Amino acid sequence: MLRIITQQADVRAELQRICDRTHDEQVHHKEATVREVLQAVKRQGDKAVLHYTAEFDHQTLKPEELRVSGSELDTAYQQVSKDLLEAIRLASRQIEAFHRQRVPKSWVHFGDDDVVLGKRYTPVDRAGLYVPGGRATYPSTVLMNAIPARVANVPRVVLVTPPGAHKAINPAVLVAAQEAGVQEIYRVGGAQAIAALAYGTETIPKVNVITGPGNIYVTLAKKLVYGTVGIDSLAGPSEVLIIADDTANPVHVAADLLAQAEHDPMAAAILLTTDTSLAKNVQVAVERQLIDHPRRIDTEKAIAHYGLIVVVESLEAAAQFSNEFAPEHLELEVEDPWALIQHIRHAGAIFLGHSTPEAVGDYLAGPNHTLPTSGAAHYASALGVETFLKHSSIIQYSETALQKVAGAIDLLATAEGLPSHADSVRRRVQQDE
């Protein structure tokens with residue numbers, strides 16, 4: 001059952017425990033497994049990828065079966081309904097429209113004495129997109145990762161996703177990939193997929209940036225390969241924190257909590273409310289909605305271990321607790337969400353009002369649903385076009401401009417004990433004289 005806490009002294013400890021759920025002893029054991037997988041793939045390439053796919057996903061593949069064929073891509077369109085295809089296309093348009101507004105522009109500034117300063121944005125050469133599988137199918141994640149890469153004009157985009165029964169990839173995932181402009185898809189998941197993207201194999205290309213959420217093994221693998229490649233963030237397991245007052249509908253709040261809990265046994269579902277009656281009614285509604293839930297076992301585990309209802313003294317106190325937790329998803333189910341948002345400083349995505357369930361953001365509102373978790377929203381942001389871009393500074397000085405600053409550069413370089421730095425400027429100035 002979803003626990004209710006009313007003692008404020010216990011709140012911070014519970015929120016910290018939930019935030020730290022990816023740092024327990026079991027996770028340390030899993031990290032050792034992930035290191036082994038990474039090293040094996042780095043040394044053995046496809047051979048190790050195929051070995052771990054058989055061991056972890058129970059699918060025996062040949063090297064030539066790693067890449068999804070063109071005929072499979074064509075067939076996928078015949079396997080999805082027209083309504084689903086239209087929904088995928090609607091989501092694609094919405095997501096693309098949002099991300100096109102976020103494309104940073106290169107710029108230059110021409111200053112005095114012919115000094116030119118600027119910034120130039122260029123895409124990475126290759127991006128690797130991870131789309132989870134197993135417990136559910138995620139065409140929405142395909143769109144959320146692939147469309148920003150396309151908007152950023154990444155020349156080569158590679159998608160990896162775990163194979164299902166009989167080596168198949170869900171047709172909705174294949175259709176979503178094609179609608180987003182991705183044709184290069186490999187049936188591999190888990191830490192071995194991240195390793196393949198980070199180091200490259202005989203079949204799967206090495207990429208520059210890896211994005212996309214996954215289970216704890218995927219998250220740990222991304223953490224360990226960071227530096228060899230760039231990553232978006234350490235996204236997962238999922239979490240929602242809801243701040244609600246007496247105007248919230250307990251049935252709706254319960255549904256939103258379960259919408260996160262059903263993702264994963266380690267998902268977190270938290271409600272902070274000023275209304276004791278709402279707390280009790282949500283607790284009852286959660287139990288009712290769990291009856292005959294198709295994903296009841298995993299959802300109940302998440303609720304039991306990482307579910308929580310906290311009765312707080314005020315909405316300001318709720319905002320403070322939320323800021324300390326820095327949730328991936330934050331719902332403000334209150335009478336005046338725009339007033340409350342002024343108190344919010346840390347959250348991956350914020351959903352305002354009673355008619356904005358987190359599922360709207362998951363699928364087609366436009367903002368990205370790949371978000372920082374486990375407190376990372378204190379310093380990290382959602383996946384976006386910027387994830388696939390890098391920027392270079394542009395600097396040009398004229399002879400006159402260099403003459404004017406030469407003395408200052410000489411002093412600074414000498415103070416740092418770097419004589420050749422000073423000399424590189426001094427020789428030019430003396431030559432000009």
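Computed from a prediction, not measured in an experiment: that's the story for all the values here. If you read the sequence from its start, that first residue is 1, and numbering goes on from there.
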(request) Mind running side chain to side chain donor-acceptor pair (under 3.5 Å) on Glu287 and Gln283 for me, showing each step along the way? (result) CA-CA 7 Å; Glu287 291 302 306; Gln283 186 183 52; over 6 Å; no
(request) Determine yes or no for a side-chain-to-main-chain donor-acceptor pair under 3.5 angstrom, with Glu202 supplying the side chain and Gly45 the backbone. (result) no
(request) Determine whether Leu308 and Ile18 make a side-chain contact, defined as any pair of heavy atoms from C-beta on separated by less than 4.5 Å. (result) yes
(request) For residues 184-194, pull every pair meeting side chain to side chain donor-acceptor pair (under 3.5 Å), keeping only residues two or more places apart or in separate chains. (result) Glu72-Arg187, Arg156-Glu184, Glu184-Tyr186
(message) Test side chain to side chain donor-acceptor pair (under 3.5 Å) on His293 and Gln289; report intermediate values, then the result.
(response) CA-CA 7 Å; His293 194 290; Gln289 292 179 33; over 6 Å; no
(request) Could I get the full list of salt bridge (Lys or Arg N to Asp or Glu O under 4.0 Å) partners for Arg67, not counting sequence neighbours? (result) none
(message) Could you check whether any side-chain N or O of Thr387 sits under 3.5 Å from a backbone N or O of Ile231, counting only pairs where one atom can act as donor and the other as acceptor?
(response) no
(request) Going by the side chain to side chain contact (heavy atoms under 4.5 Å, CB included) test, name the single residue among Leu272, Ile243, Asp336 that passes it with Leu315. (result) Ile243
(request) Using the test side chain to side chain donor-acceptor pair (under 3.5 Å), find all partners of Arg120 that sit at least two apart in sequence or belong to another chain. (result) none
(message) Once side chain to side chain donor-acceptor pair (under 3.5 Å) is applied, do any residues pair with Arg35, and if so which ones, sequence neighbours excluded?
(response) Glu31
(request) Flag the pair Val209 / Val154 as yes when at least one side-chain heavy-atom distance between them is below 4.5 Å, and no otherwise. (result) no
Show me, pair by pair, the donor-acceptor contacts under 3.5 angstrom made by side chains of residues 84-96, not counting sequence neighbours?
from: Arg89; atom 1: NE; to: Glu179; atom 2: OE1; distance (Å): 3.2
from: Arg89; atom 1: NE; to: Glu179; atom 2: OE2; distance (Å): 3.4
from: Arg89; atom 1: NH2; to: Glu179; atom 2: OE2; distance (Å): 3.3
from: Ser92; atom 1: OG; to: Ile88; atom 2: O; distance (Å): 2.8
from: Glu96; atom 1: OE1; to: Arg150; atom 2: NH2; distance (Å): 2.3
from: Glu96; atom 1: OE2; to: Arg100; atom 2: NE; distance (Å): 2.9
from: Glu96; atom 1: OE2; to: Arg100; atom 2: NH2; distance (Å): 3.0

(message) If I compare all heavy atoms of Pro132 with all of Tyr138, which pair ends up nearest, and what's the gap?
(response) O-CD1, 3.4 Å
(message) Whether the Gln260 and Asp256 side chains hold a donor-acceptor pair (N or O, under 3.5 Å, no angle test) is what I'd like checked.
(response) no
(request) I would like to know whether Glu328 and Ser238 meet side chain to side chain donor-acceptor pair (under 3.5 Å); could you show each step before the answer? (result) CA-CA 7 Å; Glu328 176 189 19; Ser238 191; 3.1 Å; yes
(message) Can a side-chain donor-acceptor contact be found between Glu316 and Gln320 if the only test is distance below 3.5 angstrom?
(response) no
(message) Does anything in residues 339-387 form a ring pair (Phe, Tyr, Trp, His ring centres under 6.0 Å)? List the pairs, not counting sequence neighbours.
(response) His346-His378
(message) Using side-chain heavy atoms (C-beta onward) and a distance below 4.5 Å, is Asn368 in contact with Pro148?
(response) yes
(message) With side-chain contact (heavy atoms from CB on, under 4.5 Å) as the criterion, how do Arg21 and Ser374 come out once you've worked through the C-alpha distance, each side chain's angles and the decisive distance to 0.1 Å?
(response) CA-CA 8 Å; Arg21 66 196 185 281; Ser374 300; 4.1 Å; yes
(message) Between Cys19 and Phe325, is there a side-chain heavy-atom distance shorter than 4.5 Å?
(response) yes
(message) Can you tell me how far apart CE (Met266) and CG (Asp298) are? Round to the nearest 0.5 Å.
(response) 12.5 Å
(message) Main chain of Leu61, side chain of Lys167: is a donor-acceptor contact present, judged purely on distance under 3.5 Å?
(response) no
For residues 170-177, which side-chain donor-acceptor pairs fall under 3.5 Å, sequence neighbours excluded?
from: Asn170; atom 1: OD1; to: Ala172; atom 2: N; distance (Å): 2.8

(message) Donor-acceptor check, side chain of Glu416 to backbone of Leu412, threshold 3.5 angstrom: yes or no?
(response) no
(request) Find out whether His252 and Pro357 are in side-chain contact, i.e. whether some heavy atom of one side chain is under 4.5 Å from a heavy atom of the other. (result) no
(message) Considering only residues two or more places apart or on different chains, which pairs with a residue in residues 197-227 satisfy ring pair (Phe, Tyr, Trp, His ring centres under 6.0 Å)?
(response) none
(message) Under the rule for side chain to side chain donor-acceptor pair (under 3.5 Å), what residues qualify as partners of Thr53, not counting sequence neighbours?
(response) none
(message) Nearest 0.5 Å, please: how far is CD in Gln183 from CG in Leu159?
(response) 11.0 Å
(message) Checking Lys390 now: which residues fulfil salt bridge (Lys or Arg N to Asp or Glu O under 4.0 Å) with it, not counting sequence neighbours?
(response) none
(message) Quick check against the 3.5 Å criterion: does Gln178 have a side-chain atom that pairs as donor or acceptor with the backbone of Leu73?
(response) yes
(request) Taking the side chain as every heavy atom from C-beta outward, state whether Val284 and Lys280 have any atom pair closer than 4.5 Å. (result) no
(message) Donor-acceptor check, side chain of Glu358 to backbone of Val240, threshold 3.5 angstrom: yes or no?
(response) no
(request) Return yes if some donor-acceptor pair links the side-chain N/O of Gln396 with the main-chain N/O of Val116 below 3.5 Å, else return no. (result) no
(message) Could you go through Phe388 and Asn153, starting from their C-alpha distance and side-chain angles, then the distance that decides it, and tell me whether this counts as side-chain contact (heavy atoms from CB on, under 4.5 Å)?
(response) CA-CA 9 Å; Phe388 302 99; Asn153 292 319; over 6 Å; no
(request) Hey, could you give me the CD/NE2 distance between Glu239 and His329, rounded to the nearest 0.5 Å? (result) 8.5 Å
(message) Please enumerate all residues that pass side chain to side chain donor-acceptor pair (under 3.5 Å) together with Thr201, with sequence neighbours excluded.
(response) Asp46
(message) Under a 4.0 Å threshold between the charged nitrogen and the carboxylate oxygen, would Glu262 count as salt-bridged to Arg296?
(response) no
(request) Enter the distance from Ile309:CD1 to Leu257:CG here, rounded to the nearest 0.5 Å. (result) 7.0 Å
(request) Please confirm whether the backbone N or O of Arg345 pairs with a side-chain atom of Asn323, one donor and one acceptor, at under 3.5 Å? (result) yes
(request) Measure the CD-CG distance between Gln7 and Asp10 for me, rounded to the nearest 0.5 Å. (result) 6.5 Å
(request) Hey, could you give me the OG1/NZ distance between Thr219 and Lys30, rounded to the nearest 0.5 Å? (result) 10.5 Å
(message) Please check: side-chain N/O of Asp245 versus main-chain N/O of Thr247, any donor-acceptor pairing under 3.5 Å?
(response) yes
(request) Tell me, with the steps shown, if Thr228 and Lys206 meet side-chain contact (heavy atoms from CB on, under 4.5 Å). (result) CA-CA 10 Å; Thr228 299; Lys206 171 181 168 56; 3.7 Å; yes
(message) I need the full list of salt bridge (Lys or Arg N to Asp or Glu O under 4.0 Å) pairs touching residues 207-224, with sequence neighbours left out, sorted by first then second residue.
(response) Lys222-Asp232
(request) Would you indicate whether the side-chain heavy atoms of Tyr130 and Thr141 approach each other to under 4.5 Å? (result) no
(request) Would you indicate whether the side-chain heavy atoms of Asn145 and Val131 approach each other to under 4.5 Å? (result) no
(request) Could you verify whether a donor N or O on one side chain and an acceptor N or O on the other, from Asp362 and Ser140, lie under 3.5 Å apart? (result) no
(message) What I want to check is whether the side chains of Asp83 and Ser81 have a donor and an acceptor closer together than 3.5 Å.
(response) no
(message) Using only atom types and a distance under 3.5 Å, with no angle test, would you say the side chain of Asn208 pairs donor to acceptor with the backbone of Arg126?
(response) yes
